[in-house]
Amino acid sequence: MKKLLGVFALLCLLASCAPGRQPVEEEPPALTVIGVSQLGSESGFRVANSESIRSAFSEEAGYRLLFDDARQKQENQIAAIRKFIQQQVDCIVLMPLCVTGWDSVLQEAREAGIPVILVDRTIETEDESLYAAHVGSDFQWEGEQAAAWLEDAFQDAPGPVNILHIQGMLGSSAQLERSAALEEAVDRHESWTILAQLDGDFTQAKAYEETANWLDSQPGRPHIHALYCENDSSAFGAIQALEERGYTCGEEGVRVISFDATRQGLACCMEGRISLEVECNPLMGPLVEEVIRTLKEGGTPDKHYYTRERLFTPGTLSQDLIDRRPY
Ligand code: GYE
């Protein structure tokens, strides 16, 4: 047997040295190049979202990822997309900062034959064919859940319901839809009033500054029944400004609603300082990868994919649940 194997090895060696025959090295399969234009890193949600995308598009999975952080500026996103087009990437993933102003650059991508996937937020356009698919959250549903919770919490309230509204980055689909849900609910209830709409920009620092300035500019101490914050980072800023001025956040004081349900947000909810957390799931990497695989295989993905989300109140939380959350 040993002898036979030896003869076989010799034959193989001779064959590979025969004139005109080069030993063939296996070509590694070409990587699929993905250009990601992330809008920024303004919140815990965003950091987890970027992380999820990075790990879904690893080299081991067959991808090369070109990642650009636009630092909350649409012009930086447009410049990044143009660069991806020049680099002839296979696919562009775009987390659009705001809803308008994308048509020309998306047309350029289409002319170059590069499909664009919108992730997290969406855009407003006359021409839906400018993007292949959108993977994100249903912000309207989220806002409606928050409004329904408020209706329930204040259904027996005898007097007015005063709401302080901290908005997300103005003009983003997340802000527009979450704000619209609150405004529609306020229109349905005569006793509800929005005391002020402040631009929290989805960040802790901006929300703190705006809330503090607004509170300090009021002649007396306004009675605030509810604080509607469009994400966790802004909730932390607004709560801090309120608490520093003697307000209590919780069942006996200002009822705070927040979106995202990051670990830090849920901890604040378990303490009772946030009364409702509406989850907004940032872990979209695997779903985005699936959509891109469908495109690569010549399939047509659905136009919209929505992540599954849920609600948390202090009574539904435990330390164990919070510790097990991946973000
Ligand atoms: O809620 C916020 C982030 O677009 C859903 O953006 C996202 C929002 C999220 O900065 O934390």
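Heavy atoms only: backbone and side chains are in, while hydrogens, waters and symmetry mates are out.
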Treat each ILVMFWY residue as a node, draw an edge where side-chain heavy atoms are under 4.5 Å apart, and state whether [X] and [Y] are in one component.
| X | Y | answer |
| --- | --- | --- |
| I224 | L198 | yes |
| V33 | Y63 | no |
| L94 | I78 | yes |
| V36 | Y305 | yes |
| I163 | I239 | no |

With a sphere of 6.0 Å drawn around [atom1] of [X], does it hold more than 12 non-hydrogen atoms of other residues, nucleotides or ligands?
| X | atom1 | value |
| --- | --- | --- |
| Q155 | CD | yes |
| K303 | NZ | yes |
| Q87 | CD | yes |
| E151 | CD | yes |
| E252 | CD | no |

State, with a plain yes or no, whether a side-chain heavy atom of [X] is found less than 4.5 Å away from one of [Y].
| X | Y | value |
| --- | --- | --- |
| D69 | R71 | yes |
| I117 | L295 | yes |
| D320 | I322 | no |
| K73 | L97 | no |
| E209 | N213 | yes |
| V99 | T122 | no |

How long is the gap from [atom1] on [X] to [atom2] on [Y], to the nearest 0.5 Å?
| X | Y | atom1 | atom2 | answer |
| --- | --- | --- | --- | --- |
| L164 | L195 | CG | CG | 6.5 Å |
| T294 | E289 | OG1 | CD | 9.0 Å |
| F236 | C268 | CZ | SG | 6.0 Å |
| I92 | I114 | CD1 | CD1 | 5.0 Å |
| I166 | S233 | CD1 | OG | 13.0 Å |
| D90 | K296 | CG | NZ | 8.0 Å |

Indicate the atoms forming the closest heavy-atom contact of [X] with [Y], along with that distance.
| X | Y | result |
| --- | --- | --- |
| L283 | A48 | CD2-O, 4.1 Å |
| L321 | T316 | CD1-O, 4.1 Å |
| A226 | V254 | C-CG1, 4.0 Å |
| A153 | R255 | CB-NH1, 4.5 Å |
| I85 | A112 | CG2-CB, 3.7 Å |
| P96 | L118 | CG-CD2, 4.4 Å |

Of V186, I194, I257, which meets side-chain contact (heavy atoms from CB on, under 4.5 Å) against H165?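 Running side-chain contact (heavy atoms from CB on, under 4.5 Å) over V186, I194, I257 with H165 returns exactly one hit, I194.
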
Taking the basic N atoms (NZ, or NE/NH1/NH2) and the acidic carboxylate oxygens, is any pair closer than 4.0 Å for [X] and [Y]?
| X | Y | answer |
| --- | --- | --- |
| R293 | E297 | no |
| E279 | R308 | no |
| K83 | D68 | no |
| E59 | R64 | no |

Determine whether a donor-acceptor pair (N or O, by modelled atom type, separation under 3.5 Å) exists between the side chain of D260 and the backbone of T262.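 Flag not set: sc D260 to bb T262 has no pair under 3.5 Å.
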
Give a yes or no answer on whether the side chain of W141 reaches the backbone of S137 with a donor-acceptor pair at less than 3.5 Å.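 No; zero donor-acceptor contacts below 3.5 Å.
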
Residue pair R188, E184: steps toward the salt bridge (charged side-chain N to carboxylate O under 4.0 Å, His left out) verdict: CA-CA 6 Å; R188 289 195 297 272; E184 282 159 23; 5.1 Å; no

For [X] and [Y], which I'm curious about, is there any donor-acceptor pair between the side chains at under 3.5 Å?
| X | Y | answer |
| --- | --- | --- |
| D232 | S258 | yes |
| E144 | Q140 | yes |
| E244 | Y208 | yes |
| E42 | T203 | no |
| E251 | S275 | no |
| Q38 | N49 | yes |

For the pair T193 and V161, evaluate side-chain contact (heavy atoms from CB on, under 4.5 Å) and give the outcome as yes or no after the intermediate values. CA-CA 6 Å; T193 311; V161 176; over 6 Å; no

Establish, for the pair [X] and [Y], whether the NZ or CZ atom is under 6.0 angstrom from the six-membered ring centre and no further than 45 degrees off its axis.
| X | Y | result |
| --- | --- | --- |
| R82 | F84 | no |
| R263 | Y327 | no |
| R178 | Y228 | no |

Member of S179, S173, S172 meeting the side chain to side chain donor-acceptor pair (under 3.5 Å) criterion with Q175: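 With Q175 as partner, S179, S173, S172 yield a single side chain to side chain donor-acceptor pair (under 3.5 Å), made by S179.
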
Under the criterion salt bridge (charged side-chain N to carboxylate O under 4.0 Å, His left out), I'd like the reasoning laid out for E243 against R273: C-alpha separation, chi angles, the key distance, then a yes or no. CA-CA 10 Å; E243 289 178 344; R273 286 154 79 216; 2.9 Å; yes

Check the pair Q72 / F202 against side-chain contact (heavy atoms from CB on, under 4.5 Å), numbers first and verdict last. CA-CA 11 Å; Q72 301 260 66; F202 285 135; 5.6 Å; no

In this structure, is the centre-to-centre distance between the rings of F139 and Y306 below 6.0 Å?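 So the answer is no for these two rings.
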
Working for salt bridge (charged side-chain N to carboxylate O under 4.0 Å, His left out), residues R110 and D127: CA-CA 12 Å; R110 183 165 61 191; D127 184 358; 3.2 Å; yes

Taking it one step at a time, do D216 and R245 satisfy salt bridge (charged side-chain N to carboxylate O under 4.0 Å, His left out)? CA-CA 9 Å; D216 294 345; R245 284 156 186 79; 2.7 Å; yes

Decide side-chain contact (heavy atoms from CB on, under 4.5 Å) for L311 and E277; before the verdict, give the C-alpha distance in whole Å, the side-chain angles of both, and the deciding distance to 0.1 Å. CA-CA 6 Å; L311 310 181; E277 271 286 359; over 6 Å; no

side-chain contact (heavy atoms from CB on, under 4.5 Å) between M95 and R46, intermediate numbers included: CA-CA 10 Å; M95 290 75 167; R46 188 66 50 205; 4.2 Å; yes

Evaluate side-chain hydrogen bond (donor to acceptor under 3.5 Å, both in side chains) for Q197 paired with E183, printing each intermediate quantity in order. CA-CA 11 Å; Q197 290 187 308; E183 287 161 3; 2.9 Å; yes

